[in-house]
Amino acid sequence: MSRLTRRLTGRSEEAEPQDRDEVWEAIQLARHQDRPYPLDYIDRLMTDFEEIHGDRLFSDDPALVCGIGRYHGRPVAVIGHQKGRDTNERTYRNFGMPGPEGYRKGMRLMELAEKFDLDLVTLIDTPGAYPGAGAEERGQGGAIARSMQTMLRLRPPTVAVVIGEGSSGGALALGVADRVVMLENTTYSVISPEGGSAILWRDAGKARDAAAAFKPTASNCYRWGVADAVVPEPAEGAHADADEAARLLDAYLERTLRELRRVDVGQRLARRKERFRRIGTFREGPHEGQVPLADPPADSASETSNGQPPAS
Amino acid sequence: MSRLTRRLTGRSEEAEPQDRDEVWEAIQLARHQDRPYPLDYIDRLMTDFEEIHGDRLFSDDPALVCGIGRYHGRPVAVIGHQKGRDTNERTYRNFGMPGPEGYRKGMRLMELAEKFDLDLVTLIDTPGAYPGAGAEERGQGGAIARSMQTMLRLRPPTVAVVIGEGSSGGALALGVADRVVMLENTTYSVISPEGGSAILWRDAGKARDAAAAFKPTASNCYRWGVADAVVPEPAEGAHADADEAARLLDAYLERTLRELRRVDVGQRLARRKERFRRIGTFREGPHEGQVPLADPPADSASETSNGQPPAS
Amino acid sequence: MPPHIHISVDRLRRRRSTPPSKKPVGDGKACKACGAHFRAEELERNWGVCTTCDHHFPVSSSERITQLADGDEWRELWSELAATDPLRFTDLVPYTERVEQAEAKGVREALVVGELSVQGVPSLAAVMDFGFLGGSMGSVVGEKFARAADRCVETGRPLSVITASGGARMQEGVIALMQMAKTVVAIDDLREAAIPVVVVLAHPTTGGVWASFASMGDFTYAEPGALIAFSGPRVIEQTTREKLPPEFGLAESQLENGQVDAVVDRRELPGRIGSVLNILDRPRADIDDGAGRIARQGRERASRAAQALPKLSRRLRGRLGTGSDGGAE
Amino acid sequence: MPPHIHISVDRLRRRRSTPPSKKPVGDGKACKACGAHFRAEELERNWGVCTTCDHHFPVSSSERITQLADGDEWRELWSELAATDPLRFTDLVPYTERVEQAEAKGVREALVVGELSVQGVPSLAAVMDFGFLGGSMGSVVGEKFARAADRCVETGRPLSVITASGGARMQEGVIALMQMAKTVVAIDDLREAAIPVVVVLAHPTTGGVWASFASMGDFTYAEPGALIAFSGPRVIEQTTREKLPPEFGLAESQLENGQVDAVVDRRELPGRIGSVLNILDRPRADIDDGAGRIARQGRERASRAAQALPKLSRRLRGRLGTGSDGGAE
Ligand SMILES: [Zn+2]
Ligand SMILES: [Zn+2]
């Protein structure tokens, strides 16, 4: 926990110069094959989970697990990228890369959450949405955009948790929540290091350089206001002790959902929009100073606030 | 117009024994290839029509025409089954038999109607939804059901007009409106006479018998409370004078939309549900008398009321 | 592999290993799938499922209710509603005669509704009976379904639906067609009142029933081998002149098509429905035992969700257009 | 055929009959499609469309605005917003240098927004410029789009959007990714305020731009030949090892896939956008001349909607699974 403590207490200081190796290590940890996946958390945090299948339009996409369960005595809805652990399951799950069918199944679950006023928890862990011809023909772009809009409009409380790697629009499709939180050893980025390397370095072998440039660690995302909180993992990482990892997530999740329930629904929806409306950094007019990336929302001054900008 | 007058004034009397030939003639008229189709009415009743294409999910279905236009100075939304007039266009339009893509395009237009508070007019003219393997795989049943539910929930006023043949769920998918109206020489039925003949008579050649048994004429549907009004056609039928047919429809449509606009939206939605909730005929308990098919809604005692039951 | 990891797909595939065997029994029923013969009571004891090949025989609404309800708590509602003949309809036989013949068999209509308790949850059920005029939906079916929905809204109780139907009842003409809209109204009332609706699609669920309330459940399960379609295979083959594969429209295909949530063995249905109803039941303090539960349960049981994984067929992979060599971004 | 019947499909198919010709011109541009050469002003006069083969050349945001706006009514907004370097990002070149080089070409950012009038409708426009870092979406694009939406909500004026983008701006890392969500918030504000949004997809519209506001217009038009995709063909071919057909992701394919409302020639865009904006403009009494209009207009003009019929390609027929011999029920 020492790294986390250091990172957390350092949040208002100068941007920490990220060590190349440290970032790369974070990426490896985020992708560790023994990390708990959504079904592992669901198994530990919920009772009587029932999965839904199919988008009612075209097919079922096993890359996304969607269902309802009981969490601390209340029914909740859960959507998560499920990567698969062994070769067979990875193939079955398509490595956690959803097609439009996946996001549309997710939206179907969101409709159920809306009908029954269920808290929604999303668990994000994907190298990205599936890049396939069929996915494009069936509207991958529109499915991701619609998924974001549907989350934005959902009346019940919503929490998005990055539990592994959160890459590209395929991750953000499930990320437009009241609170966005990252586990300690996870990443959130515009693209995977490999993808960024191929495009920006024109060389698929520069993934480490890309990772160092994107710096997509939880602590940085917290600083940038992209994550509202960082949830500690067991000392050796979530892969070493799934039960403890679930327990640590549970502590955050249970309290946060309870807090969000206390807020009036209209206010909750307005704040959710405001949270994403504010993210960004730019110069304006003659003064060249950087404006804040995102201001902390009024109701959450402590660990659920957005971060301060790096001084420039 | 003499037939119509006779039918209209006869509405509270004994159920008219429908002559086999008369019913068959009505079916032929409803299917006459020179009858105006949705684009013909749109051309006459609207200015600046813009069509939408595609369901954003899988494809575009030319069997349904969906778009917005100006009607008496107000923007409105229109959905209609377009059968196609010559062989090429019939093939292109798939004979006015939509697949799930069509109904989902329709629902997309309904979303636009909801966003912009546009009156919705549907123009029904189909032998039924398309019976194809692909259509079933992509959820034909669910698409029809969802289309009905979406119409039911739409906040702006809605009017459904049967302009030709309205057969099966493929027609009703566009028929769950505040007002359902039939042109004089049109039919509305649970199945086409050919389909009913094949199933009930086990002989595809008994379409005339089936037609006589279903009695799906506008005047009967009005009696049964399925249609709220019958709109006259030109003396020789709509196929003989499309301009006059459009003018006669216009008179009903413009007034009805204006009336519906005057009703508070909550009441409009409740009455729309109530209208369909009431349709049916059954015996209850020890008394064997038939209950009314549907009571007239409170706001429309005159021509827009549901019909009286046939005495039994 | 650490102990917390859920069981992966390939270990979970169960095979049906018993070979079909033919027993010549005089007074019983023969299995259409494997030819095995059963005595009626033998079959009923196994819920109408073939003990040799798991083929699901048709079962009546009363058998369904016995299977679904806890104990003897069933209370039928509005059983007195009966069909009339608004069109004075005659095809090969007058409609009134058809109804009388069907009623004579002991069921009053194609839909039976009532109050019961499912896995401890007080609720309503609406169960179709294919034996009554092919489970066709006329005014009585529509009215009973609507009344059941109303009762759910009044009492806040969930609704379980089991369908088996050839579609709208043609002999009631366009009035039967309108029952589709009527049941959609009922479903929408249930949505507004946040009432859970679990639908089970039995063989066959077609036409106007599939295109209305049957496809609108919050959870939708299908029995193995059930035909689920708006247009039946025969109509499609006649219209399009294409030859359909034998699995066309069957529950297993419709699962791959994303149209149902799971294909569930009849003997597992009450547990599965009960699970959904229990999850969606109001919050109960006695379940809330906090985070302590996590570790206790975590190690003990394999993920039930993981066990439920269907196998990835070549067909589904083709549908999604995903390859096994993917994975890099 | 009575005079009222609208013109049917086969009469309406227009062909491009002019064969491509190659003209050697020194200082101009060559058409990628047919090889024809043009002087810059010659091309601009034809809105950047090849006079020989109708190929659409890329055009700058300022040319777009000249094409779209009535007269000289354009007023740019928030042009002073400029990129920062929150990640201190360097790939082969430092991000700050890339921005400086791009700004030196005269455009401040990849999105230009402002007030204008389109076919008589006072409105806002948001136009992307592929010449500025590949039209990539960073914080400035997100903020300008959001402010334009806010202004639409305040004034009740509609929004026209023209996209041309490689996606999120990678050099701004996850902050660029978040602009997708930010623009979706803006789109949803526009929905709540009932503000019309017409989107035109120009070549290319890919990645995070296609997966956010670009796919969320009320009406969506695409320019001929524009690539429209979330993942580009190269990434797909590398990942799936499948060879894509040349028409993959192009506007014409995406029309058949149901992803856009129409493929519209650039020279017809203002009229088309203006038509939508005019229809959705508030009710105007001067248009309401009642039923008299019907007969007057009916005979005189062919249905414009019918003229817009795309031809039914074999591919589309395959997609829908419909046959030419259908028709019986
Ligand atoms: Zn058997
Ligand atoms: Zn050219």
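Since we're looking at a predicted model, the values are computed, not measured. Naming: A, B, ... by sequence-line order, numbering from 1 per chain.
Using a 4.5 Å heavy-atom cutoff, the side chains of D:I236 and D:F248 are in contact. Here the side chains of A:T158 and A:T122 are not in contact, with every heavy-atom distance at 4.5 Å or above. Considering only heavy atoms from C-beta on, A:P100 stays 4.5 Å or farther from A:F58 through its side chain.
For A:L152, the part lying under 4.5 angstrom from a heavy atom of chain D is the side chain only. Looking at A:R272, there are no atoms closer than 4.5 Å to chain D (heavy atoms on both sides), in backbone or side chain. Looking at D:A181, the atoms closer than 4.5 Å to chain A (heavy atoms on both sides) sit in the backbone and in the side chain alike. Heavy-atom distances place both the backbone and the side chain of D:L87 under 4.5 Å from chain A.
A salt bridge links D:D91 to D:R98: at least one charged side-chain nitrogen sits closer than 4.0 Å to a carboxylate oxygen. In this structure, A:D178 does not pair ionically with A:R275, as no charged nitrogen and carboxylate oxygen lie closer than 4.0 Å.
The choice from A:S189, A:A213, A:G139, A:G169 that makes the most heavy-atom pairs within less than 4.5 Å of chain D is A:A213. In terms of non-hydrogen atom pairs under 4.5 Å with chain D, the most contact-rich of A:R153, A:M151, A:Q140 is A:R153. Among A:A173, A:A204, A:G141, A:C221, the residue making the largest number of heavy-atom pairs under 4.5 Å with chain D is A:G141. Chain A forms more heavy-atom pairs under 4.5 Å with one residue of D:L244, D:V209, D:D189 than with any other, namely D:D189. Counting heavy-atom pairs closer than 4.5 Å to chain A, the top-ranked of the candidates D:L177, D:I187, D:T90 is D:L177.
Defined by atom type and a distance below 3.5 Å, a donor-acceptor pair is missing between the side-chain atoms of D:T205 and D:S165.
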